[in-house]
Protein chains: 2
Amino acid sequence: MRPSLSEVKADLFKGLAHPVRIRVLELLHDAEPGELSVGELLAQTGLEASHLSQHLAVLRRYRLVESDRRGSQVYYRLAYANVGGLLDVSRALLAEVLETTHSDATAHLEEQQEAARWVR
Amino acid sequence: MRPSLSEVKADLFKGLAHPVRIRVLELLHDAEPGELSVGELLAQTGLEASHLSQHLAVLRRYRLVESDRRGSQVYYRLAYANVGGLLDVSRALLAEVLETTHSDATAHLEEQQEAARWVR
DNA sequence: GGTCGATATGATGAATCCATCAAATCATCA
DNA sequence: TGATGATTTGATGGATTCATCATATCGACC
């Protein structure tokens, strides 16, 4: 039984439905060479190796990323340009959501956003 | 403890991570008056009432829709314009995904797409 | 072949999601 | 007030996801 279009879309969104995986995809989206090694992702996320690896496996399963082993290192990149498009729109959607939220919550989230920028 | 930006985004994607909920959001996105009653959604999805209602509750929880009771009927609409944006990009992403899939699977999914258009 | 660094997979328990059926709630009307 | 249509919520069991720790696999090098 082949999946319906909605089921394929739902799978794509499932891949995006976890904060760590969003973070990883954003790092890949923003990376200058368009890809990052697992080691670099580990450094930038501060995660434990097997934790990140399990999430990367989910991203591979749902075809949001592609991987490429070169020697002992594995590089990941977004599988499709429109994955980046989803990230961009989600950013715009979040801004829209935040515009309608309490100003104290907004201030707090803006602080976190500044901190994230600084870390990068 | 307030949620991080990634957590808020993850919640939005969780709301999208089920085929029925995608279908509902697309129906709302495409509806001429920009909203539909639960009754209309029931008719168009063919779901059982409490099944749909549980999914609508998830969409409300993650703030992807807004509801509005008028008499005995409840109307739903997308909570933000960018929810529609996410749907549009996911459509483009799916097309991108399908371009790289086997042609027999592609043909099958295109048939389903045609059938869906016809039903509407 | 063995060691080591890099990465992936397996096992497990807790939490969450999903589908289904039952019951409750809300609004309207006689 | 009770009945009815519309909709929501609750309860429950099974499936899936998540986090964590342990183990396995891969590639490079001696």
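Because only heavy atoms are used, hydrogens play no part in the values below, and waters and symmetry mates are left out as well, while side chains stay in. Residue numbering restarts at 1 for every chain, and letters A, B, ... go by the order of the sequence lines. Keep in mind that this is a model prediction, so the values were computed, not measured.
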Practice prompt. For the side chain of Val38(B), starting at C-beta, report the closest nucleotide among dA8(C), dT7(C), dT8(D).
Written response: dT8(D)

Worksheet item: Run the side chain to side chain contact (heavy atoms under 4.5 Å, CB included) check on Asp68(B) and Val74(B) step by step: do they pass?
Response: CA-CA 6 Å; Asp68(B) 177 28; Val74(B) 181; 6.0 Å; no

Discussion item. What's the separation between atom CG in Leu41(B) and atom CG in Leu36(B), rounded to the nearest 0.5 Å?
Written reply: 5.0 Å

Worksheet item: Is Tyr76(A) near enough to dA6(C) that one of its side-chain N or O atoms lies under 4.0 angstrom from OP1 or OP2?
Response: no

Discussion item. Treating primed atoms plus P, OP1 and OP2 as sugar-phosphate and everything else as base, which nucleotides of nucleotides 13-23 of chain D get B, S or - for protein heavy atoms under 4.0 Å?
Written reply: ----SSSBBB-

Fill in: Whole-Å gap separating P (dT9(C)) and CG (Leu56(A))
10 Å

Response to the item:
Scoring nucleotides 25-30 of chain C by protein non-hydrogen atoms under 4.0 Å (B base, S sugar-phosphate only, - none) yields -SSS--

Worksheet item: Is a side-chain N or O of Arg21(A) found less than 3.5 angstrom from the main chain of Lys14(A), in a donor-acceptor match?
Response: yes

Discussion item. Among Glu40(A), Glu32(A), Glu66(A), which residue satisfies the salt bridge (Lys or Arg N to Asp or Glu O under 4.0 Å) criterion with Arg77(A)?
Written reply: Glu66(A)

Discussion item. Output the rounded distance in Å from CD (Glu40(B)) to C1' (dA6(D)).
Written reply: 13 Å

Item to complete: Take the protein atom CG of Asp11(B) and the nucleotide atom P of dT16(C), then report the distance between them rounded to whole Å.
Response: 12 Å

Worksheet item: Whole-Å distance between dA6(C) P and Leu52(A) CG?
Response: 14 Å

Worksheet, complete the sentence: Sorted by chain and residue number, the side-chain contact (heavy atoms from CB on, under 4.5 Å) partners of Asn82(B) (sequence neighbours excluded) come out as Val89(A), Ala92(A), Leu93(A), Glu96(A)

Worksheet item: Once you round it to whole Å, what is the distance between C1' of dA6(D) and OH of Tyr75(B)?
Response: 11 Å

Worksheet entry | Between P of dA6(D) and CG of Asp68(B), the distance in whole Å | 18 Å

Discussion item. So, taking the atom named CG in Leu87(B) and the one named CG in Leu16(B), what distance separates them when rounded to the nearest 0.5 Å?
Written reply: 6.5 Å

Worksheet entry | Backbone of Ala49(A) reached by a side-chain donor or acceptor of Ser53(A) within 3.5 Å | no

Worksheet item: Do Arg70(A) and Tyr75(A) meet the cation-pi criteria used here (NZ or CZ under 6.0 Å from the six-membered ring centre, within 45° of the axis)?
Response: yes

Worksheet item: dT7(C) P sits how many Å from Leu36(A) CG, rounded?
Response: 12 Å

Discussion item. Quick check against the 3.5 Å criterion: does Arg69(B) have a side-chain atom that pairs as donor or acceptor with the backbone of Gly71(B)?
Written reply: yes

